[in-house]
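These notes are about the structure you will find just below.
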Amino acid sequence: MTISEAMERESHYLMPTYKRFPVVLESGKGATAADVEGQTYIDFGAGIGVNALGYCDEGWVRAVAEQAGKLQHISNLYYSPIQIELAEALVNQTGMSRVFLCNSGAEANECAIKAARKYSFDKYGEGRSTILTLQNSFHGRTVTTLAATGQDIFHQYFSPFTEGFDYIPANDAGALLERIGSGVCAVLLECIQGEGGVCPLDGDYLRFVAQTCKKHDVLLLIDEVQTGMSRTGTLLACEQFGVKPDVVTLAKGLAGGLPIGACLCTDALKDTLSAGMHGSTFGGNPVSCAAALYVLGRVSKPDFLKEVREKGAYLKEKLLSLPHIKEVRGMGLMLGAVLDEGFAAGEIAAKCVENGLLVLTAKTLLRFLPPLTITKEEIDRGVAVLQTILTREDS
């Protein structure tokens with residue numbers, strides 16, 4: 001299948017929900033992908049932070065193949081050894097108490113929302129169900145997680161949205177104090193607003209939110225769908241702020257390329273969702289669990305985390321040396337580059353693709369979520385492509 005053939009056939013059979021680049025990827029290894037016509041690309045996006053170990057890591061492939069050869073799926077009416085192993089590893093590594101396994105970040109956040117409202121209902125009764133989220137946040141694309149998302153652009157076309165969400169400005173302690181009174185059961189936030197433009201929360205503010213939630217018996221829910229699984233240089237980004245949430249959600253890099261999500265809670269919420277109150281046909285799928293168990297075993301090691309921090313600092317330094325990049329923000333290997341005025345991130349990303357580099361955008365920024373296993377040599381190759389493109393803009 002050629003690139004033109006793929007584009008033509010796709011237009012006939014798939015809903016046009018994605019604005020795709022003219023790239024038809026067929027294979028990959030490490031941080032390098034190849035298309036159907038043999039063109040190779042350095043990947044600074046990793047499937048939007050999903051391919052944590054890059055393409056086709058040998059150990060990951062073995063773990064997936066071995067499990068697929070034994071059992072590909074069972075109902076959650078039965079016990080699954082590999083699901084239990086993953087749950088135990090997640091609980092032990094995060095310091096949480098229980099986990100619900102699902103298929104995506106949006107589903108994990110749905111579980112967090114239900115758990116928070118049920119916990120409050122059990123303790124306080126009806127009328128205490130509002131969840132505060134931050135302006136500029138993003139929590140998923142279901143009707144409920146769109147409602148939780150604090151961006152007006154997502155609150156169109158699909159009304160009526162789920163009720164019970166209010167939005168407050170990030171890093172504004174006063175706004176939180178004004179709104180956290182009666183009727184609020186939880187605060188849901190991201191340590192770094194990824195889709196919102198790679199905007200890290202202020203550490204003092206995040207700690208203030210945690211303290212204020214505890215004071216008012218309001219649950220703190222942290223969405224680590226994009227920041228989790230060692231993306232920022234610690235297993236969870238909230239570790240770097242000294243904050244432990246009541247609920248944390250994971251997905252994206254968790255299974256290194258297979259669909260899975262996780263909603264973890266502390267001991268206080270461990271029995272909140274009982275039999276029949278929540279579920280998922282494919283949640284905790286054995287093959288996805290095998291992949292996740294392997295990924296977690298790799299990315300949680302201290303030496304691996306140290307390398308992520310070092311490579312993140314290295315990439316940031318390289319990006320700041322380029323023309324027309326005036327700021328780089330983020331943590332670890334979750335970075336966003338602010339371009340000079342007049343430079344459109346989407347146009348630069350498209351030119352990168354034409355020249356063998358896959359990058360992401362977030363609002364007006366270029367966004368970088370490369371595989372956590374990317375080498376400094378691969379970083380150099382990708383940055384060289386970006387440098388060439390940005391330098392050309394001067395001519």
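Evaluation of the salt bridge (charged side-chain N to carboxylate O under 4.0 Å, His left out) rule for E10 yields R20 as partners, not counting sequence neighbours. Shown here are the side chain to side chain contact (heavy atoms under 4.5 Å, CB included) partners of E85, two or more places apart in sequence or in another chain: I82, L293. For C265, the side chain to side chain contact (heavy atoms under 4.5 Å, CB included) partners two or more places apart in sequence, or in a different chain, are R98, V247, L269. Not counting sequence neighbours, the partners of S97 by the side-chain hydrogen bond (donor to acceptor under 3.5 Å, both in side chains) test are D267. Every residue was checked against the ring pair (Phe, Tyr, Trp, His ring centres under 6.0 Å) condition with Y294, not counting sequence neighbours, and none meets it. Scored by the ring pair (Phe, Tyr, Trp, His ring centres under 6.0 Å) test, F158 finds no partners at all (sequence neighbours excluded). The salt bridge (charged side-chain N to carboxylate O under 4.0 Å, His left out) search around D303 returns none, not counting sequence neighbours.
A salt bridge does not link K29 with D57: every distance from a Lys NZ or Arg NE/NH1/NH2 to an Asp or Glu carboxylate oxygen is 4.0 Å or more.
Sorted by first and then second residue, the pairs that involve residues 51-89 and meet ring-ring contact (aromatic ring centres under 6.0 Å, His included), not counting sequence neighbours, are H73-F282. Every pair passing ring-ring contact (aromatic ring centres under 6.0 Å, His included) that includes a residue from residues 121-154 is listed here, sequence neighbours excluded: F138-F154. Among pairs with a residue in residues 129-157, none fulfils salt bridge (charged side-chain N to carboxylate O under 4.0 Å, His left out), at least two apart in sequence or across chains. For residues 191-226, the set of pairs meeting the ring-ring contact (aromatic ring centres under 6.0 Å, His included) definition, not counting sequence neighbours, is empty.
Remark: E317 CD is loosely packed, at most 12 non-hydrogen atoms of other residues, nucleotides or ligands lying under 6.0 Å away.
Below 30°, between 30° and 60°, or above 60°: for F100 and H278 the angle between ring planes is between 30° and 60°, a tilted geometry.
A donor-acceptor pair is defined here as one N or O able to donate and one able to accept, closer than 3.5 Å; no such pair exists between the side chain of N76 and the backbone of G279.
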Report task. I would like to know whether Q193 and S137 meet side chain to side chain donor-acceptor pair (under 3.5 Å); could you show each step before the answer? Result -> CA-CA 6 Å; Q193 296 180 328; S137 61; 5.2 Å; no

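Side chains of D122 and Y119 form no contact here, defined as non-hydrogen atoms less than 4.5 Å apart. Here the side chains of M277 and K118 are in contact, with some heavy-atom distance below 4.5 Å. No side-chain heavy atom of L365 sits less than 4.5 Å from a side-chain heavy atom of L339.
For N103 and S280, the side-chain atoms include at least one donor-acceptor pair closer than 3.5 Å.
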What donor-acceptor contacts under 3.5 angstrom involve side-chain atoms of residues 372-386, with partners at least two apart or in another chain?
residue : atom : partner : partner atom : Å
T373    : OG1  : L53     : O            : 3.2
T375    : OG1  : E378    : N            : 3.0
T375    : OG1  : E378    : OE1          : 3.2
E378    : OE1  : T375    : N            : 2.9
D380    : OD1  : Y314    : OH           : 2.7
D380    : OD2  : Y314    : OH           : 3.1

